[in-house]
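Every value quoted in this text rests on a predicted model; they were computed, and no experiment measured them. As a basis for the values below, the full set of heavy atoms in this structure was taken, side chains included, without hydrogen atoms, waters or symmetry mates. Labels below follow one simple rule: chain letters A, B, ... track the order of the sequence lines, proteins then strands, and each chain is numbered from 1.
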Protein chains: 2
Amino acid sequence: MKKLTRAELKNELQNAGIRLSVQRLAIYEFVRMSKAHPTAEVVYEALREELGSLSLTTVYNTLKLYTDAGLILTLNIDDGFLHYDGDTSLHAHFRCSSCGAIHDLAVKSDYSNWFEGSDGFAITEAQLYLKGLCPKCKSCKN
Amino acid sequence: MKKLTRAELKNELQNAGIRLSVQRLAIYEFVRMSKAHPTAEVVYEALREELGSLSLTTVYNTLKLYTDAGLILTLNIDDGFLHYDGDTSLHAHFRCSSCGAIHDLAVKSDYSNWFEGSDGFAITEAQLYLKGLCPKCKSCKN
DNA sequence: TTTATTTTTGTAATCGTTTCATTTTTATTT
DNA sequence: AAATAAAAATGAAACGATTACAAAAATAAA
């Protein structure tokens, strides 16, 4: 994924019909650039210093706004937190049952032909959520 | 899926090292036989009359017990509720964005070869969660 | 039956997320 | 630049699905 400039991120928001603010641009940049699938709390802690003032409510509201606009994904991982993903392209999420890290896995082909009896269904979004041990935890006990 | 007798369900619990009770057997039978991916609340409402007395806490505790034992699956669907699935074999869950119903979809082959760069990962469980419109909602506006 | 252990129960607590009214910022118009 | 109207940010309070807890009831063994 190429690195986007702040001007390009600004354009993405405006093309989606979203009004700008200092908070919105910072939150969008953080989530779009992160590969760690952060929670709202993580976004909040990462930006509160940089922004001087920031409310957790703003983070939640903004992340929901972006999700509804299709700019990011909200992931329902089973650790009790909502996670946010700035990469909306088709990919799987692997959560290590040992360290809890969430890794991306690339999928090999279009998911529409992975299933039987899905003829009448119109699939618009897929969350492929795998569990197990990541390479690091598989090799050692940490 | 063949219909299981109550004696067979009893055996499944005992083989998993789980002690029996009236509530446990009823909850297990309901979730194992249901294809509707019920929430804890649904299980509770369905069984409270039949059992005379039943606590929602018992339902939650028991469903967690079965999940930890690998007898059922806990699904993290994004409607704010945990859903439970008595079918632990590999299959995808399709949630209709119109009516909210959760349908099962059969998958065509083992999921381990659907992904690239997953060589070092030990995949033990997969939740394939798809969204879109089910055939009923696709054809009409309900 | 007696006993020890486990399970059920109902209430209270938890905590991630949302609601709400107010203040502040934004973008447009004078 | 200043004034204005609309939208966004804020933080306290509410929400609600799930969990923790201690007491009561049921289970299984002797």
Side-chain angles (χ1 to χ4, degrees), chain A residues 10-11 13-31 37-69 71-84 100 102, chain B residues 10-11 13-31 37-69 71-84 100 102:
Chain A
K10 230 174 182 172
N11 273 337
L13 290 179
Q14 289 179 317
N15 291 342
I18 290 173
R19 286 170 54 122
L20 294 178
S21 76
V22 177
Q23 292 87 345
R24 286 186 170 181
L25 190 55
I27 292 169
Y28 190 57
E29 181 179 29
F30 185 84
V31 174
H37 311 87
T39 63
E41 185 71 31
V42 168
V43 175
Y44 173 67
E45 290 299 337
L47 297 178
R48 63 185 307 183
E49 288 182 35
E50 175 186 332
L51 292 179
S53 108
L54 178 63
S55 167
L56 186 54
T57 300
T58 299
V59 176
Y60 275 109
N61 289 342
T62 304
L63 292 172
K64 173 174 272 188
L65 177 74
Y66 295 161
T67 299
D68 292 342
L71 294 171
I72 66 173
L73 293 178
T74 299
L75 309 181
N76 298 275
I77 305 298
D78 66 353
D79 61 354
F81 301 87
L82 294 176
H83 292 256
Y84 299 91
I102 301 170
Chain B
K10 230 175 183 172
N11 272 338
L13 290 179
Q14 289 179 318
N15 290 343
I18 289 173
R19 285 169 54 119
L20 294 179
S21 76
V22 177
Q23 293 86 345
R24 285 186 171 181
L25 190 55
I27 292 169
Y28 191 56
E29 182 179 29
F30 185 85
V31 174
H37 312 86
T39 63
E41 184 71 30
V42 168
V43 175
Y44 173 67
E45 290 298 338
L47 297 178
R48 61 186 306 184
E49 289 183 34
E50 175 186 333
L51 293 178
S53 108
L54 178 64
S55 167
L56 186 55
T57 301
T58 299
V59 176
Y60 274 110
N61 289 343
T62 305
L63 291 172
K64 173 174 272 185
L65 177 74
Y66 295 161
T67 299
D68 292 343
L71 295 171
I72 67 173
L73 293 178
T74 299
L75 309 180
N76 300 274
I77 306 298
D78 65 352
D79 61 356
F81 302 88
L82 294 177
H83 292 256
Y84 300 90
I102 301 170

Partner of D:dA9 by Watson-Crick or G-U wobble geometry, both contacts under 3.5 Å, or none?
C:dT22
Consider the side chain of B:L56, meaning its heavy atoms from C-beta on, and name the nucleotide among C:dT17, C:dT7, D:dT18 that approaches it most closely.
D:dT18
Side-chain touch A:H37/A:I77, heavy atoms, less than 4.5 angstrom:
no
How many whole angstroms separate atom CG of B:L51 from atom P of D:dA26?
13 Å
Shortest side-chain distance from A:R19, nucleotide among C:dT7, D:dA7, D:dT27
D:dA7
5' precedence on DNA chain D between B:Y84 and B:V22 (nearest-nucleotide basis)
B:Y84
Side chain of B:T58 only, please: which of D:dT19, C:dT9, C:dT19 is the nearest?
C:dT9
What is the separation between atom CG on B:L13 and atom C1' on C:dT6, rounded to the nearest whole Å?
15 Å
Between B:D68 (CG) and D:dT19 (C1'), how many Å, whole number?
14 Å
Nucleotide C:dT8, atom P - distance to OH of B:Y44 in whole Å
14 Å
Tell whether B:S21 reaches the base of C:dT8 with its side chain through a donor-acceptor pair below 3.5 angstrom.
no
Please report the distance, rounded to the nearest Å, between CD in A:E41 and C1' in C:dT18.
15 Å
Residue matched to D:dA30 through Watson-Crick or wobble contacts both under 3.5 angstrom
C:dT1
Between B:L20 and B:T39, name the one whose nearest nucleotide on DNA chain D is closer to the 5' end.
B:T39
Can a side chain N or O of B:Q23 be found less than 4.0 Å away from OP1 or OP2 on C:dT9?
yes
Given D:dA20, D:dT27, D:dA17, which nucleotide is nearest the side-chain atoms of B:Y60?
D:dA17
Are any of the side-chain heavy atoms of A:L63 and A:T74 separated by less than 4.5 Å?
no
Considering non-hydrogen atoms only, spot the tightest contact between A:Q23 and A:S53 and give its length.
NE2-O, 4.4 Å
Which nucleotide, D:dA28, C:dT9, D:dA12, lies nearest any side-chain atom of B:S55?
C:dT9
Spacing between B:L47 atom CG and C:dT9 atom P, to the nearest angstrom:
11 Å
Are side-chain heavy atoms of B:L71 and B:I18 found at a separation under 4.5 Å?
yes
For D:dA9, does the base pair up with any side-chain atom of A:S53 as donor and acceptor (N or O, under 3.5 Å, distance only)?
no
Residue-phosphate contact under 4.0 Å: A:R24 side-chain N/O, D:dA7 OP1/OP2
no
Within this structure, what is the CD1-to-P distance between A:I18 and D:dA9, rounded to whole angstrom?
11 Å
Excluding sequence neighbours, so at least two apart, what forms side chain to side chain contact (heavy atoms under 4.5 Å, CB included) with A:D78?
A:R95, A:Y129, A:K131, B:N76
Flag side-chain contact, heavy atom, 4.5 Å: A:Y66 against A:I27:
yes
Just compare D:dA28, C:dT8, D:dT19 and give me whichever is closest to any side-chain atom of B:T62.
C:dT8
When the distance from CG of A:L54 to C1' of D:dG11 is rounded to whole Å, what number comes out?
12 Å
